[in-house]
Amino acid sequence: MTSSTPCWIASPYLHLHDHVILNPHTGLGIASDDPVFDELRRLILNPERLELLNDTQQRLADDGWIIPEDRDLSKKFRLRYVSLETHTVCTQACAFCPVSIAPRDPEYMTKELFGRLVDEISRYRTTIEAVTLNNYNEPTADRRFSDQVRLLMEHDLPVAVLSNGSTFTPDKVDALVEMGPISYLSINISSLDRERYAAERQKDHLPMVISNLDYMKDKPVAETMDIIVLGQQDDQHRTDAAKLREHFAGSRFNVRDFEIMDRAGYLPIGLKPDRPHERLRGCNNLGSRPIEHIHINPRGQCVLCCEDYDEFHIIGDLTTQSIDEVLTGEEVARLRRMIYGLEEAPADFICRKCVFALSGE
């Protein structure tokens, strides 16, 4: 081997799971029944520098699983999900959401900025799987909601709407049906018990929500329509989910139940790690947040992650930068290296407290 011949290592940005290894930079996966799975797993768990590659290792190198050790991937991204929060208003203050303890002042993205961002986002349409109009807001509370969805669809972007249903009125339903089904609709609801619903969300919205959902339940609002029942996976949660499945049986809605989480330590309830992660090894929050997502607030600033409610980690500003400049910038590269264990993260780093963090422990 000459001095110019590189040594090879497993990419430090791979996601190792029991039955699959994923590469967020390429979108590829290797299942556990693939003959190369065990070799790649070994190289991830027991890192070594490879001077000469055997046939199996060469296949892994050809597909980007093994890389030259001097290759820096910290500025690489593959955009799959865009959170385009057009305003900060939420109609509820749910106990499982930071809005309940730290409500935000109203802010609205300008029409001009929204239009420019949609145009720029559309340049990544070949990899984008969903564009949402929210983060911690209620997107349908914006009187511009239907027009915003229409503009996204005119740019051939897959629209996902996540809503509590309170302001998803029949006129908005009809508008979405008329322009063609959006890609995905998710309505979060926790119970059919009006008293508990009001106590948990600080709003007595249940009759209005059910009326809105009953209106849309048989209409082609989205290609996939889910009702998400949030709770703590206890008997009450299971009972609530069963009642909602009964109510919406035979409709277009799929009723699914999920356990709430503590928003990386922000809330006193919900799923959380048994202890802070000592060795960070990546992010598995609907893919890799730092590599496959971008979160844009109404001011055009980009935040590292949806769990960063206080917007502590600002990675860029789309009023002065392009999406490419933000996602290949020094700040997000630095944070990626921390999240994937290439640099030591501070003891209080947000990912150490997150249930979605991958850990090398």
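It should be emphasised that the depicted structure is a prediction, and the values quoted were computed from it without experimental measurement. Position 1 is the first residue of the sequence; numbering continues from there.
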#### Entry: side-chain hydrogen bond (donor to acceptor under 3.5 Å, both in side chains) assessment of Ser190 paired with Glu200
CA-CA 9 Å; Ser190 44; Glu200 182 177 84; 2.5 Å; yes
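- With salt bridges taken as basic N to acidic carboxylate O contacts below 4.0 Å, none links Asp72 and Lys76.
- Using a 4.0 Å cut-off between charged side-chain N and carboxylate O, Asp38 and Arg41 make no salt bridge.
- At distances below 3.5 Å, not a single donor-acceptor pair connects side-chain atoms of His205 with backbone N or O atoms of Thr167.
- In terms of heavy atoms, Lys203 sits closest to Thr91 at CG-O, 3.3 Å.
- Within the 4.5 Å cutoff, the side chain of Ile21 has heavy atoms near those of the Leu16 side chain.
- Put simply, the residue from Arg337, Glu330, Arg336 that forms a side chain to side chain donor-acceptor pair (under 3.5 Å) with Ser74 is Arg337.
- Under the 4.5 Å side-chain criterion, counting only non-hydrogen atoms from C-beta, Val118 is in contact with Leu84.
- Side chain of Arg299 to main chain of Thr319: no donor-acceptor pair is present (N/O by atom type, distance under 3.5 Å, no hydrogens or angles).
- Using a distance-only test at 3.5 Å, with no hydrogens or angles considered, a donor-acceptor pair links the side chain of Tyr136 to the main chain of Cys306.
- There is no path of hydrophobic side-chain contacts, each under 4.5 Å, that joins Val20 to Leu60.
- Ring geometry for His293 versus His295: interplanar angle under 30°, hence parallel rather than tilted (30 to 60°).
- Hydrophobic clustering places Leu151 together with Met179 (ILVMFWY residues linked when any side-chain heavy atoms are closer than 4.5 Å, directly or through intermediates).
- For the atom pair CG (Asn135) and OG1 (Thr88), the distance works out to 11.0 Å, reported to the nearest 0.5 Å.
- Contact check for Asn164 versus Cys90: side-chain heavy atoms found under the 4.5 Å cut-off.
- Summarising the geometry of Ile121 relative to Val82, their closest heavy-atom pair is CD1-CG1, 3.7 Å, with the distance given to 0.1 Å.
- Under a hydrophobic clustering in which Ile, Leu, Val, Met, Phe, Trp and Tyr are joined whenever their side-chain heavy atoms come within less than 4.5 Å, directly or via other members, Leu342 and Val332 fall into the same cluster.
- For the residue pair Ala95 and Ile269, the shortest heavy atom distance occurs at O-CD1, 3.6 Å.
- With hydrogens and angles disregarded, no donor-acceptor distance shorter than 3.5 Å links the side chain of Arg256 to the backbone of Ile227.
- The neighbour count for Lys243 NZ, taken as heavy atoms of other residues, nucleotides or ligands under 6.0 Å away, does not exceed 12.
- Between Arg150 and Asp147 there is a salt bridge, since at least one side-chain N of the basic residue sits less than 4.0 Å from a carboxylate O of the acidic one.
- For the atom pair CG (Leu185) and CD (Glu223), the distance works out to 12.0 Å, reported to the nearest 0.5 Å.
- In this pair, Tyr108 and His87 present their aromatic rings parallel. The plane angle is below 30°, not in the 30 to 60° band.
- A donor-acceptor contact shorter than 3.5 Å links the side chain of Gln57 to the backbone of Asn54.
- For the residue pair Thr169/Asp171, the side-chain donor-acceptor check at 3.5 Å is satisfied.
- Using a cut-off of 4.0 Å between Lys/Arg side-chain N and Asp/Glu carboxylate O, Glu344 and Arg352 are scored as salt-bridged.
- Between the side chain of Asn23 and the main chain of Gly64, a donor-acceptor pair closer than 3.5 Å is present.
- There is a path of hydrophobic side-chain contacts, each under 4.5 Å, that joins Val221 to Met153.
- No hydrogens or angles considered: nothing links the side chains of Glu138 and Asn134 as a donor-acceptor pair under 3.5 Å.
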### Task
Begin with the C-alpha distance, continue with both residues' side-chain angles, and end with the deciding distance and a verdict on side chain to side chain contact (heavy atoms under 4.5 Å, CB included) for Phe96 and Arg201.
CA-CA 9 Å; Phe96 51 80; Arg201 295 171 181 253; 3.8 Å; yes
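- No donor-acceptor pair closer than 3.5 Å links the side chain of Glu292 to the backbone N or O of Gly287.
- Atom OG in Ser166 sits 5.0 Å away from atom CD in Gln92 (nearest 0.5 Å).
- Looking at heavy atoms from C-beta onward, Leu133 lies in side-chain contact with Phe114 at the 4.5 angstrom threshold.
- Electrostatic pairing of Asp34 and Arg59 counts as a salt bridge here, judged by a charged N lying under 4.0 Å from a carboxylate O.
- Residues Phe253 and Leu244 form no side-chain contact, since every pair of their non-hydrogen atoms from C-beta on lies 4.5 Å or further apart.
- Proximity of Arg238 to Asp257: side-chain heavy atoms (C-beta onward) are nowhere separated by under 4.5 Å.
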### Task
For side chain to side chain contact (heavy atoms under 4.5 Å, CB included), just list the numbers for Glu307 and Arg263, CA-CA rounded to whole Å, side-chain angles, deciding distance to a tenth of an Å, and then say yes or no.
CA-CA 5 Å; Glu307 311 303 347; Arg263 296 290 177 183; 2.9 Å; yes
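- A donor-acceptor pair is defined here as one N or O able to donate and one able to accept, closer than 3.5 Å; no such pair exists between the side chain of Arg80 and the backbone of Ile128.
- For the pair His25 and Leu73, the tightest heavy-atom approach, listed with the atom from each and the gap, is NE2-O, 3.6 Å.
- A heavy-atom distance below 4.5 Å is not found between the side chains of Ser359 and Leu280.
- Taking 4.5 Å as the limit, some side-chain heavy atom of Asp240 sits within range of a side-chain heavy atom of Arg196.
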### Message
Does Val177 form a side chain to side chain contact (heavy atoms under 4.5 Å, CB included) with Met216? I'd like the steps, not just the answer.
### Response
CA-CA 9 Å; Val177 171; Met216 73 175 75; over 6 Å; no
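- Within the model, atoms CG of Asn297 and CZ of Arg104 stand 8.5 Å from one another, a figure rounded to the nearest 0.5 Å.
- Atom CG in Asp204 sits 10.0 Å away from atom CD in Glu195 (nearest 0.5 Å).
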#### Entry: Working for side chain to side chain contact (heavy atoms under 4.5 Å, CB included), residues Phe312 and Ile350
CA-CA 9 Å; Phe312 183 78; Ile350 186 171; over 6 Å; no
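- Checked by atom type and distance alone, the side chain of Asp63 never pairs as donor or acceptor with a backbone atom of Trp65 at under 3.5 Å.
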### Message
Checking His313 against Phe349 for the ring-ring contact (aromatic ring centres under 6.0 Å, His included) test, could you report, in this order, the C-alpha distance in whole Å, the side-chain angles of both residues, the deciding distance, and whether it holds?
### Response
CA-CA 10 Å; His313 296 289; Phe349 190 53; 5.5 Å; yes
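- Listed for the Glu120 side chain is no donor-acceptor partner under 3.5 Å among the backbone atoms of Arg116.
- Between Phe145 and Phe168, the ring-plane angle classifies as perpendicular under the 30° and 60° cut-offs.
- In Arg279, the CZ atom is not crowded: 12 or fewer heavy atoms of neighbouring residues, nucleotides or ligands sit closer than 6.0 Å.
- The line from OG of Ser288 to CZ of Phe356 is 13.0 Å long, rounded to the nearest 0.5 Å.
- No more than 12 heavy atoms of other residues, nucleotides or ligands shown are found within 6.0 angstrom of CG on Asp55.
- Taken together through direct or relayed side-chain contacts under 4.5 Å among Ile, Leu, Val, Met, Phe, Trp and Tyr, Met109 and Ile323 form part of one hydrophobic cluster.
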